[in-house]
Number of protein chains: 2
Amino acid sequence: MSDLLQRLRGRGWRLTAQRRVVAEVLDGDHVHLTADEVHARAAARLPEISRATVYNTLGELVSIGEVIEVSTDGRAKRYDPNAHRPHQHLVCSRCGTIRDVHPSGDPLAHLPSSERFGFTVSEVEVTYRGLCPNCATA
Amino acid sequence: MSDLLQRLRGRGWRLTAQRRVVAEVLDGDHVHLTADEVHARAAARLPEISRATVYNTLGELVSIGEVIEVSTDGRAKRYDPNAHRPHQHLVCSRCGTIRDVHPSGDPLAHLPSSERFGFTVSEVEVTYRGLCPNCATA
DNA sequence: TCCTACACTAGACAGAGTCTAAGTCAAGAT
DNA sequence: ATCTTGACTTAGACTCTGTCTAGTGTAGGA
């Protein structure tokens with residue numbers, strides 16, 4: 001994640017304690033935290049960090065493409081730091097667990113041009129839903 | 001849509017004026033209204049209908065599978081009555097226009113079992129994003 | 001070390017959705 | 001046709017998520 005801090009500095013970001021902590025909290029695989037969860041974990045290390053700063057920092061990370069915003073449940077958005085490898089999400093309909101999964105082939109190719117209605121299609125978002133092993137046996 | 005009213009009666013629903021109006025408002029193709037829009041249109045015909053009733057009715061229609069809930073923008077959910085024909089959504093990133101599009105093949109098949117991690121996968125939700133013809137030229 | 005533009009904070013505000021308590025009414029029973 | 005009852009509806013308070021603002025603090029260049 002220090003890579004990330006270097007990249008941010010390269011973009012002219014001031015490296016404040018708050019931004020560092022938010023970046024650290026988001027480090028790791030299969031991380032899909034809500035803004036409030038990021039705030040709670042950041043506040044554990046830096047108690048005076050405010051919600052607004054967490055929202056601002058997350059928004060900035062999203063807008064420069066370092067983090068992806070995911071809304072799998074229509075409630076709070078979740079933030080996924082695994083932005084550099086294209087992937088999709090597999091969500092448990094009961095407990096809400098989210099896993100990153102990897103596409104076989106380019107999902108964009110599955111939309112025939114006759115179904116594009118003149119749109120310039122540039123992205124596709126795929127969410128698989130079902131029951132995770134735990135919830136399936138319960 | 002009177003089909004729908006029959007199906008609801010078959011499920012033991014009381015056919016109230018409010019439920020009838022909500023069902024009528026949702027009738028049609030490429031309808032993707034927010035709950036507030038449904039409420040506004042319903043109130044045009046039945047001024048005393050409350051927001052809570054609209055939310056309740058929409059929730060009931062979703063839970064029996066007559067209507068699909070779509071959240072394409074992370075803000076208000078939208079309600080899509082075209083629930084009986086499987087389809088996906090094509091969304092303009094600038095103006096938010098939504099079109100229904102139809103898959104070629106079963107998108108569920110594109111997730112290899114090695115990428116299912118023991119989940120029982122039953123649904124897939126696909127959203128294509130890009131610019132609509134209007135926004136692309138502007 | 002000083003300066004200043006950028007960043008941070010607390011808290012008010014806004015939008016979407018849920019909940020509750022009290023009143024209303026659809027539809028089966030009489 | 002009227003009664004009865006529990007499901008349905010209502011208004012409005014409340015919660016949750018996210019945004020905005022005005023004032024304060026500070027990173028990093030001069």
Side-chain angles (χ1 to χ4, degrees), chain A residues 5-25 32-64 66-80 96, chain B residues 2 5-25 32-64 67-80 96:
Chain A
L5 295 177
Q6 289 316 309
R7 288 198 294 278
L8 297 180
R9 188 195 293 266
R11 287 177 169 267
W13 275 36
R14 283 199 194 165
L15 288 189
T16 65
Q18 291 83 351
R19 286 171 167 175
R20 224 181 294 262
V21 167
V22 169
E24 284 169 17
V25 164
H32 304 96
L33 299 171
T34 64
D36 258 15
E37 287 163 354
V38 171
H39 179 244
R41 296 189 186 197
R45 304 190 193 189
L46 191 67
E48 69 278 20
I49 193 171
S50 76
R51 285 186 344 117
T53 295
V54 171
Y55 276 104
N56 287 340
T57 305
L58 290 172
E60 290 156 354
L61 289 169
V62 168
S63 74
I64 64 176
E66 292 287 347
V67 165
I68 289 175
E69 219 173 55
V70 183
S71 43
T72 51
D73 63 351
R75 305 182 68 79
K77 290 174 192 162
R78 293 181 173 273
Y79 294 87
D80 182 341
Chain B
S2 59
L5 295 177
Q6 288 318 308
R7 287 199 295 278
L8 297 180
R9 188 195 292 265
R11 287 174 170 270
W13 275 36
R14 283 201 192 163
L15 288 189
T16 65
Q18 291 83 350
R19 285 171 168 177
R20 223 181 296 262
V21 167
V22 170
E24 284 167 16
V25 164
H32 303 96
L33 299 171
T34 63
D36 258 16
E37 287 164 354
V38 172
H39 178 243
R41 296 189 187 197
R45 305 188 192 190
L46 191 66
E48 69 278 19
I49 193 172
S50 76
R51 285 186 344 117
T53 295
V54 170
Y55 276 105
N56 287 341
T57 305
L58 289 172
E60 290 157 353
L61 288 169
V62 168
S63 74
I64 63 176
V67 165
I68 289 175
E69 219 173 55
V70 183
S71 41
T72 51
D73 63 351
R75 304 184 69 79
K77 290 175 193 162
R78 294 181 173 273
Y79 294 88
D80 182 342

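Model, not experiment: these values are computed from the prediction. To find a chain, count down the sequence lines: A is the first, B the second, and so on, and within it residues start at 1.
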Original post:
Under the salt bridge (charged side-chain N to carboxylate O under 4.0 Å, His left out) test, which residues partner A/R19, sequence neighbours left out?
Top reply: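 Applying salt bridge (charged side-chain N to carboxylate O under 4.0 Å, His left out) to A/R19 gives A/E60.
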Original post:
Who pairs with B/R78 by side-chain hydrogen bond (donor to acceptor under 3.5 Å, both in side chains), at least two apart in sequence or on another chain?
Top reply: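 Testing B/R78 for side-chain hydrogen bond (donor to acceptor under 3.5 Å, both in side chains), a comparison that skips the adjacent residues, returns B/E37.
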Original post:
What residues, two or more places apart in sequence or in another chain, satisfy side-chain contact (heavy atoms from CB on, under 4.5 Å) together with B/A76?
Top reply: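 Per chain and number, B/A76 pairs via side-chain contact (heavy atoms from CB on, under 4.5 Å) with B/T34.
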**OP:** Could you pull out all residues at least two apart from B/R9 that satisfy side-chain contact (heavy atoms from CB on, under 4.5 Å)?
**Re:**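 Here the qualifying residues are B/Q6, B/L15.
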Show me the side-chain donor-acceptor pairs of residues 41-51 of chain B shorter than 3.5 Å, one per line, residues at least two apart or across chains.
unit_1 : atom_1 : unit_2 : atom_2 : d
B/R45  : NH1    : B/E24  : OE1    : 2.5
B/S50  : OG     : B/T53  : N      : 3.3
B/S50  : OG     : B/T53  : OG1    : 3.3

Subject >> Rounded distance [0.5 Å steps], CG in A/L8 versus CZ in A/R20 >> reply: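 Here the interatomic distance stands at 10.5 Å.
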Subject >> With sequence neighbours excluded, residues passing ring pair (Phe, Tyr, Trp, His ring centres under 6.0 Å) with B/H32 >> reply: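 Applying ring pair (Phe, Tyr, Trp, His ring centres under 6.0 Å) to B/H32 gives B/H89.
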**OP:** Would you mind reading off the distance between B/R11 atom CZ and D/dA7 atom P, rounded to a whole angstrom?
**Re:**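 One finds 17 Å between P of D/dA7 and CZ of B/R11, rounded.
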Original post:
How many Å lie between CD on B/E48 and P on D/dT9, as a whole number?
Top reply: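 To the nearest whole Å, that distance equals 11 Å.
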Original post:
Reading nucleotides 14-30 of chain D 5' to 3', which nucleotides get B (base under 4.0 Å from a protein heavy atom), which S (sugar-phosphate only), which -?
Top reply: ---SBBB-----BBS--
Original post:
Which two nucleotides bound the region of DNA chain C that has atoms under 4.0 Å from heavy atoms of chain B, read 5' to 3'?
Top reply: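 Listed 5' to 3', the contact boundaries are C/dA16 to C/dA27.
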**OP:** State, to 0.1 Å, how close A/V70 and A/T72 come at their nearest heavy-atom pair, and which atoms those are.
**Re:**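 That would be CG1-CG2, 3.4 Å.
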